[in-house]
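Here's the structure we're looking at; comments come further down.
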Amino acid sequence: MDLDRLLGLLRDTYDVQDWWPSESPFEVMVGAILTQQTTWENVAKVLDRLRSEGLLDVERMASADLPMLESTIRPAGFYKQKAKRVKGLATYLRVRYTSDPMLMLNGPTESVRRELLSLDGIGKETADSILVFGAQREKFVAAAYSARILRRTGVFCSENYDEIQSFVESNLKCGPKGFHDLYALIVQLSKDTCRPVPACARCSLGPECKFFTEQRRR
DNA sequence: ACCCAGGTGGCCC
DNA sequence: GGGCCACATGGG
C-alpha cells in the first residue's frame, strides 16, 4: 500500500465535500480550538450558540464577557481553557491586525504556521488544521488518526508528528487538495466503525517496529 | 463504571 | 528529547 493508492481507495468510499463546514476563516480557527479532544457534534452545537450570540466575529469575541463565554462553550469540554484561548486569539488578531484580522492568514505558509504556533492553545495539529481548512494551504495534518491509519495500512509507521507530516508531504504525488482530502478522509474512516480499515500489512521496519506484533483489525 | 473524543501546555527527568 | 498529568463535557 502506498499513499496515492490509499487516497484513491478512500476517495472511492467517502466524500470530502463540506467535511469542515464554516462561514469564515475565523470560524475555522475557533472550531479548531474547540474540537481539541472533543467530538465535532458538540463543537457544532457550541458554534451555533456562538453564532446566535454574534460571537463568531473577531471584534465581538475579543470583547466578550469571559464567564458568559465559558458557559456558552461548556458543552465542548475544557470550557475554561477554551474560552480563554478563543478570546485570547480574537484579542491578538484585533490588536496585531487592526485593519483586517484575517490578514494573519496571508503570507508564506511556514511563517503563518509559526505565528499560529506562538499563540496559546494552538499546537501543531490545530495550526495545520487552520492552514488547511481555513486558509487552503497544502499541509498534512499528522494527527493521531493519521498515524494510526498510516500504520495499520502499512504505509508508514511512526508516532512522531514531524516525521509523519514530512513523509506524507514529500511522498504523496497526488495534486492539489491531496493533503486536505487525505486527512479529511482518514478521520471519516476512523470514525466509521461499520467499515474496516483497508487491508493491513506490517510496515517496512519489520521487527524493529514497536507495533510489529500488533494484530490486524478485522 | 468504565472508555474515548478531529490536543495543548506545564512540569519533570 | 520523551513521559505524565490536568483540563471537562457528552455519548457509547
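Below, chain A is the first sequence line, B the second, and so on; all start at residue 1.
- Across B:dA5, B:dG7, C:dG2, the shortest atom-to-atom separation from the side chain of A:R148 is found for B:dA5.
- Under the 3.5 Å distance criterion, the side-chain polar atoms of A:R60 are matched with a main-chain donor or acceptor of A:E53.
- Closest contact between the side chain of A:K45 and the listed nucleotides C:dT9, B:dT8, C:dG11 involves C:dG11.
- Taking 4.0 angstrom as the limit, A:Y145 places a side-chain polar atom (N or O) nearer than this to OP1 or OP2 of B:dA5.
- In the model, A:Q36 has a side-chain atom that pairs as donor or acceptor with a side-chain atom of A:T126 under 3.5 Å.
- Across all strands, A:K82 comes closer than 4.0 Å to no nucleic acid atom at all (heavy-atom distances).
- Projected onto DNA chain B by closest heavy-atom contact, A:W19 and A:D120 fall at different nucleotides, the more 5' of which corresponds to A:W19.
- Between the P atoms of B:dG10 and C:dA8, the separation comes to 14 Å (whole Å).
- Proximity of residues 32-40 of chain A to DNA chain B (heavy atom under 4.0 angstrom from any strand atom) is restricted to A:T35, A:Q36, A:Q37, A:T38, A:T39, A:W40.
- Looking at which nucleotide of DNA chain B each of A:N42 and A:G123 is closest to, the 5′-most match is held by A:N42.
- Judged by distance alone, the side chain of A:Q188 and the main-chain N or O of A:D15 form a donor-acceptor pair under 3.5 Å.
- The distance from atom CG of A:L116 to atom P of B:dG9 is 12 Å, rounded to the nearest whole Å.
- Looking at A:R94, its side chain never comes within 3.5 Å of a backbone N or O of A:S63 through a donor-acceptor pair.
- A:E169 contributes a side-chain N or O that, together with a main-chain N or O of A:F140, makes up a donor-acceptor pair within less than 3.5 Å.
- Side-chain atoms of A:N106 and A:Y97 form no donor-acceptor pair, as typed in the model, at a separation below 3.5 Å.
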